[in-house]
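Structure first, then comments.
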Number of protein chains: 2
Amino acid sequence: MSSKEQYIGQYFGIQPQLLPQTATFFKEHALLKNEYFCRQGRNCNTLSFIRSGALRVFAYQDGKEVTQWIAAEGELITDLSSIMFGTTARWEIQALSDCELYSIERNDLNRLGDFIPNWPNLEKTFISKCFLMLEDRVFSFLSMTAEERYQQFLVKRMHLFNEVPHQYIASMLGMTPETLSRLRNKNLK
Amino acid sequence: MSSKEQYIGQYFGIQPQLLPQTATFFKEHALLKNEYFCRQGRNCNTLSFIRSGALRVFAYQDGKEVTQWIAAEGELITDLSSIMFGTTARWEIQALSDCELYSIERNDLNRLGDFIPNWPNLEKTFISKCFLMLEDRVFSFLSMTAEERYQQFLVKRMHLFNEVPHQYIASMLGMTPETLSRLRNKNLK
DNA sequence: ACCGCTGGTTGATATAGATCAAGAAAGCAC
DNA sequence: GTGCTTTCTTGATCTATATCAACCAGCGGT
């Protein structure tokens, strides 16, 4: 089984015998560091598995960039609003390093249901899990201090510290780079 | 068309001719103030439209109640994890006032697809919208002050101020009741 | 009408985290 | 390797918001 089939199979839970056919819809595609996967206000018709590299999802607020999310190897990246509803993208998505992606276009995505019997359910399951993750994230802002959010991040996604600039991690956690730096320092001792 | 059919039709975008059949799955059911719709750690097998009243979704953190969300008339209430995946509920959900609900049980929900042709898609659309709402909420914590979140809440859901205790609104917005009180006071002048 | 309780307001003080500024380190191009 | 740019760290100060405490108002029950 190709690496591409493995990624797709794991993520969506597609039956092995359907994997080869499914995989043909996903094209390999590369992105150089700093290239944009998607621009706010334009259409984003692509959903991609990240085979290598990392991307950040952000938007401008009062002239500053606010990082909503960082996606890394083994995860999916897209602008959900655009891919689901055909609206213009809500987010800027930019490569933080050179990326290798397996990408499917919106019209092909909508055709997966033609031969994967329970596709709409798999899709529903996938989005539900994303929803639950965001629920946890909202709760973390309601109930945790910056330090606690940092600790939680350490446990869940420590590897990102070696892969992406810390300033973006800080923004994603809702703190300044200075605060993140001090927390790191404090926790080393 | 009954009020029940209207609620359901509006929310999920079900074709008019299927509405009567769909509506039979939703039972009217009442909840008294302070009664629990769902308890954390137990199963929550119900999804309900709120015909009247309001409920709050919360969890305990360090002995304190943290309000994740308040749902009011015209909205849906459930524990998504429990209803989707059959897990135990992540949240406590309690009636803030006497409530009239239109409720469907989990097994009936799963049977709607038998006669509503594009049901899985309608469900997917519904959850996607919830996801986008949470995305905005996360962004509000990353990029806005307590005062800005309050202002935004005023525009979107001002009516809740007359319906539920302010302390829960404060918690949901990520601030203390004292801060909310001061912001309200400041903005009246 | 009165009592109690829950929720809201107001003031005084404390503090987590932001901001501003300067320097150090780490990447990257040539 | 050298220099330039970007990122990270550290320190000093400031500020939004939390905390603590007291008081007040409204409402439901009797």
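In the text below, chain A, chain B and the rest are named by the order of the sequence lines, each starting its count at 1.
As a whole-Å value, the separation of Y168(B) OH from dG7(C) C1' is 9 Å. Rounded to an integer number of Å, the gap from M175(B) CE to dA18(D) P is 7 Å. Nucleotide dG27(C) holds its C1' atom 15 Å from the CG atom of N162(A), rounded to whole Å. Rounded to an integer number of Å, the gap from CD of Q167(A) to C1' of dT5(D) is 13 Å. For H166(B) and dC24(D), the NE2 to P distance is 21 Å, given to the nearest whole Å. Taking atom CE on M144(A) and atom C1' on dA18(D), their separation rounds to 18 Å, with Å as the unit. In this entry the distance linking CG of L180(B) with P of dT9(C) reads 8 Å, nearest Å. We find that CZ of R182(A) is positioned 12 Å from P of dG17(C), with the value rounded to whole Å.
When only modelled atom types and interatomic distance are considered, T46(A) and E105(A) share a side-chain donor-acceptor pair under 3.5 Å. For the residue pair T125(A) and S128(A), no side-chain donor N or O sits within less than 3.5 Å of a side-chain acceptor on the partner.
Here the nucleotide nearest the side chain of T145(B), chosen from dG7(C), dT19(D), dT17(D), is dT17(D). Distance from the side chain of T179(B) is smallest for dA18(D) among the nucleotides dG8(C), dA21(D), dA18(D).
For the ring pair (Phe, Tyr, Trp, His ring centres under 6.0 Å) with F49(B), the lone residue among F25(B), Y11(B), Y102(B) that qualifies is Y11(B).
Phosphate contact (OP1/OP2 of dT9(C), side-chain N/O of S181(B), threshold under 4.0 Å): present. Contact annotation: N185(B) side-chain N/O to dT9(C) OP1/OP2 distance is not under 4.0 Å. Side-chain nitrogen and oxygen atoms of T176(A) include at least one within less than 4.0 Å of the OP1 or OP2 phosphate oxygen of dA18(C).
Both cation-pi conditions hold for R157(B) and W69(B): the charged atom is under 6.0 angstrom from the six-membered ring centre and inside a 45 degree cone around its axis. A cation-pi contact links R184(A) to F161(A), judged by a cut-off of 6.0 Å to the six-membered ring centre and 45° from its axis.
Across all strands shown, K33(B) has no heavy atoms under 4.0 Å from either base or sugar-phosphate atoms.
Mapping E178(A) and E147(A) onto DNA chain C by nearest heavy atom places E147(A) closer to the 5' end of the strand.
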